[in-house]
Amino acid sequence: KLGTSMESILKLQNISKRFEQHEVLKSVSLEIRPGEIHGLIGENGAGKSTLLNILFGRSIVHQTGGFSGNIYFNGHKVRIRNSQDAIALGIGMVHQEFALIPNMNVAENITIGSEATFRYRHQTDGYQLALINKKANHAQAKNILDRLGVTINTNQYIETLSVNLKQFVELAREINKNDLKLLILDEPTAALGQEDAERLLEILQQLSNAGIAIILVSHRLEEIMSVCDNITVLRDGEVSGRFSKESFDLKQIAASMIGRSVEQVQSRARKHSGRTILQYRNFSVEMPGESIENINLDIYEGEIIGIAGLAGHGKLALGNGTLGIYPSSGQVLFNDTFIDCADTTAALNHGLYLLAEERRETGLLLDHSIMENIIFSAVQQQNKFLKPFIFPSLRLINKKTAVDYTRESIKRLDIRCRNQQQKVRLLSGGNQQKVCLARAIVMEPRILFVAEPTRGIDIGAKEIILQELLNINRKMGTTIIVASSELDELKRICDRIVIMYEGRIFAVLAADCDPLELALALSGKRSDEL
């Protein structure tokens with residue numbers, strides 16, 4: 001590579017970190033050269049996020065006793081006490097959970113901290129006044145987005161953007177920094193479809209060729225192997241493997257991550273009941289960045305049906321519209337009974353449930369315990385886990401029942417935690433997703449909508465979640481609608497796959513369809529058009 005130097009830009013030496021009695025990092029060492037793309041991988045809870053938090057000076061590190069070990073940057077030993085120190089050194093970070101300001105527009109988020117200004121100096125008093133040059137900032141933001149190949153109105157507010165567009169705004173903000181030397185990316189493609197993910201990886205190659213070092217954290221091992229020069233694997237807080245480009249082997253890397261070989265979940269071909277349980281007629285949903293229009297679709301009882309499509313084409317809207325998260329029009333019939341999609345409670349009472357895409361924003365009570373999160377919806381909607389009382393207004397939790405169920409869920413889903421009272425905020429992303437799934441299971445839904453169930457989670461946790469979706473479907477008889485960017489996973493667990501294109505249903509394909517037919521459908525083309 002043109003940008004790669006033999007001298008390291010970053011050297012981490014024997015980094016260790018404890019949270020109370022739990023040792024999350026144990027003498028981790030790492031070295032990265034300018035222009036190198038270095039993959040950092042491991043299961044959820046392996047210590048990746050803690051290592052990144054140390055490197056970027058996140059406050060949680062110092063609020064919990066700091067860390068031991070040394071950091072060398074550009075040949076000098078440094079102390080990174082906060083994010084400002086990291087930024088001053090030339091370190092940028094794109095977070096998995098977005099660090100954008102929702103009520104500011106795209107241009108303001110991209111140029112924050114490096115705004116173009118008009119400067120005035122008072123002739124007599126000597127004071128200086130800087131006014132933001134909005135026109136220049138919008139032009140600057142548009143230029144960065146054009147380099148990324150992304151079209152976004154720079155006046156648009158962040159809170160109105162879809163998840164994939166937020167990801168590109170995060171990246172644009174970091175690229176906009178003139179003194180960027182090291183870029184850390186935490187699951188940057190997790191929210192992206194294949195086309196956008198490939199575009200982002202191309203951008204990383206360009207940055208690498210310009211001499212910028214990159215730490216790439218991703219659970220998509222194929223992506224890691226395609227773009228990285230070296231890979232460091234963490235397991236239980238320790239380095240369990242190091243791989244260079246010439247020694248990349250998917251099975252060996254996966255085994256190094258989880259300490260065992262990985263068995264992929266695969267459902268057997270089967271026939272559905274043929275009885276329609278859910279009908280959509282001229283159904284439209286106004287979901288920013290994912291709207292759909294005039295959908296007509298029948299869903300059969302007991303099937304697993306996938307909803308696929310490139311980012312922005314509407315694959316996430318069906319569940320969000322049905323449960324009233326976004327406004328909708330048209331008709332939805334459940335067992336031949338019309339559903340009022342504006343009434344979320346009514347939908348829940350019918351037995352419909354949604355596992356939302358953005359689990360931290362809408363799916364979890366972050367400052368409450370694992371147990372409270374798992375039982376919350378069942379307590380509120382179905383009066384489960386309550387002690388029997390003569391007076392209905394008295395709602396006291398039957399703690400033994402709640403604890404027993406939570407412990408069973410933790411064991412079944414392999415939720416990595418200290419105990420059932422641990423705050424969900426402190427769990428890794430994959431374990432948070434498992435908590436969301438456990439909460440859905442206890443509701444015993446007739447129909448379960450799942451949005452991006454394996455986004456941003458490791459290969460081991462991914463297979464647990466896919467297997468549990470199959471279990472819910474097979475053992476509980478739940479009809480499942482899975483909206484996902486992971487086509488391979490949809491093909492493995494679904495009976496049918498609906499392809500969305502420009503907000504409409506383009507095709508409904510069998511899960512074992514020709515891969516070429518599926519790829520063409522995602523682009524709005526059919527094989528007979530070739």
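A quick note: this is a predicted structure, and the numbers were derived from the prediction, not measured. Reckoned from all heavy atoms, side chains included, excluding hydrogens, waters and symmetry mates.
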Exercise. Of all heavy-atom pairs between Pro453 and Val450, which one has the smallest distance, and what is that distance?
Worked result: CB-CG1, 3.3 Å
Exercise. Can any side-chain N or O of Glu489 pair as donor or acceptor with the backbone N or O of Glu486 at less than 3.5 Å?
Worked result: no
Exercise. Just by distance, do the side chain of Gln331 and the backbone of Arg281 share a donor-acceptor pair under 3.5 Å?
Worked result: no
Problem set entry | Main-chain N/O of Val442 paired with Lys384 side-chain donor or acceptor, under 3.5 Å | yes
For this session: For the pair Ile397 and Lys387, evaluate side-chain contact (heavy atoms from CB on, under 4.5 Å) and give the outcome as yes or no after the intermediate values.
Result: CA-CA 6 Å; Ile397 300 295; Lys387 290 182 178 180; over 6 Å; no
Exercise. Between CG of Leu437 and CD1 of Ile465, what distance do you get to the nearest 0.5 Å?
Worked result: 6.0 Å
Problem set entry | Polar contact flag, side-chain donor to acceptor under 3.5 angstrom, Tyr280-Thr322 | yes
Problem set entry | ring-ring contact (aromatic ring centres under 6.0 Å, His included) partners for Phe168, two or more places apart | none
Problem set entry | Side-chain touch Asn105/Asn109, heavy atoms, less than 4.5 angstrom | no
Exercise. Hey, does the side chain of Lys491 reach the backbone of Asp512 with a donor-acceptor pair shorter than 3.5 angstrom?
Worked result: no
Exercise. Going by heavy atoms in the side chains, are Ile158 and Ile101 under 4.5 Å from each other?
Worked result: no
Problem set entry | ring-ring contact (aromatic ring centres under 6.0 Å, His included) against Phe334, all qualifying residues, sequence neighbours excluded | His350
Seminar exercise, completed: Note: Leu234 and Ala46 closest approach over all heavy atoms is O-CB, 3.4 Å
Problem set entry | Arg199 bridged to Glu202 by N-O distance under 4.0 Å | yes
For this session: Determine yes or no for a side-chain-to-main-chain donor-acceptor pair under 3.5 angstrom, with Lys462 supplying the side chain and Thr454 the backbone.
Result: no
Exercise. Can you check whether Arg275 reaches Tyr300 side chain to side chain, under 4.5 Å on heavy atoms?
Worked result: no
Problem set entry | Minimum heavy-atom distance between Leu40 and Lys48, given as atom pair plus value | O-CD, 3.8 Å
Problem set entry | CD-CD distance between Gln467 and Glu463, expressed to the nearest 0.5 angstrom | 9.0 Å
Exercise. Would you say the side-chain atoms of Lys434 pair up with the backbone N or O of Leu413, donor to acceptor, closer than 3.5 Å?
Worked result: yes
Exercise. Ile441 versus Glu468: any side-chain heavy-atom pair under 4.5 Å?
Worked result: yes
For this session: Please round to the nearest 0.5 Å and tell me the distance separating atom CZ of Arg58 and atom OG1 of Thr50.
Result: 11.0 Å
For this session: Would you please classify the geometry between the Tyr501 ring and the His313 ring as parallel, tilted or perpendicular, with 30° and 60° separating the classes?
Result: parallel
Problem set entry | Those residues that, when tested against Phe248, pass ring-ring contact (aromatic ring centres under 6.0 Å, His included) (two or more places apart) | none
Problem set entry | Sequence-distant partners of Leu250, side-chain contact (heavy atoms from CB on, under 4.5 Å), two or more places apart | Leu221, Glu222, Met225
Exercise. Does any N or O in the side chain of Gln382 come within less than 3.5 Å of the main-chain N or O of Met443, such that one atom is a donor and the other an acceptor?
Worked result: yes
Exercise. Any sub-3.5 Å donor-acceptor pair from Asn296's side-chain atoms to Asn282's backbone N or O?
Worked result: yes
Exercise. Is there a side-chain contact between Phe385 and Tyr405 (heavy atoms, below 4.5 Å)?
Worked result: yes
For this session: Using a strict cut-off of less than 4.0 Å between a Lys/Arg side-chain nitrogen and an Asp/Glu carboxylate oxygen, indicate whether Glu408 and Arg412 qualify as a salt bridge.
Result: yes
Seminar exercise, completed: Sorted by chain and number, sequence neighbours left out, side-chain hydrogen bond (donor to acceptor under 3.5 Å, both in side chains) with Glu223 holds for Thr189, Arg220
Problem set entry | Non-hydrogen atoms of Arg492 and Leu466 that approach each other most closely | NH2-CD1, 3.7 Å
Exercise. Quick one: do the Gln156 and Thr160 side chains pair a donor with an acceptor below 3.5 Å?
Worked result: yes
For this session: Would you sort out whether Asp236 and Val24 count as a side-chain contact (heavy atoms from CB on, under 4.5 Å), showing the intermediate values?
Result: CA-CA 7 Å; Asp236 296 330; Val24 294; over 6 Å; no
Exercise. Quick one: does Leu318's side chain get under 4.5 Å of Ile292's, heavy atoms only?
Worked result: yes
Exercise. Does Asn473 use its side chain to pair, donor to acceptor, with the backbone of Leu469 at less than 3.5 Å?
Worked result: no
For this session: Please examine the side chains of Leu323 and Leu348, heavy atoms only from C-beta on, and report whether any two atoms are closer than 4.5 Å.
Result: yes
Problem set entry | Exam field: side chain Asn53 to backbone Phe56, donor-acceptor pair closer than 3.5 Å | no
Seminar exercise, completed: Minimal heavy-atom distance between Glu293 and Ser284, with the atoms involved, is CA-OG, 3.4 Å
For this session: Would you please say whether a donor-acceptor pair under 3.5 Å links the side chains of Gln279 and Thr276?
Result: no
Exercise. Atom CZ of Phe283 and atom OG of Ser329: how far apart are they, to the nearest 0.5 Å?
Worked result: 7.5 Å
Problem set entry | Partners meeting side-chain contact (heavy atoms from CB on, under 4.5 Å) with Val508 (sequence neighbours left out) | Arg496, Val498, Ile505
Seminar exercise, completed: In this structure, CZ of Arg235 is separated from OG of Ser256 (nearest 0.5 Å) by 6.0 Å
Exercise. Between Leu354 and Thr344, is a side-chain contact (heavy atoms from CB on, under 4.5 Å) present by the stated rule, with each step listed?
Worked result: CA-CA 10 Å; Leu354 170 67; Thr344 301; over 6 Å; no
For this session: Could you tell me which non-hydrogen atom of Leu316 sits nearest to which non-hydrogen atom of Glu290, and how far apart they are?
Result: N-OE1, 3.5 Å
Seminar exercise, completed: Output for pair (Ile305 CD1, Thr479 OG1), nearest 0.5 Å, gives 10.0 Å
For this session: Report the C-alpha distance between Val435 and Leu364 in whole Å, list the side-chain angles of each, state the deciding distance to 0.1 Å, and finish with yes or no for side-chain contact (heavy atoms from CB on, under 4.5 Å).
Result: CA-CA 8 Å; Val435 171; Leu364 292 167; 4.1 Å; yes
Exercise. Quick one: are Ser49 and Asp186 in side-chain contact, heavy atoms under 4.5 Å?
Worked result: yes
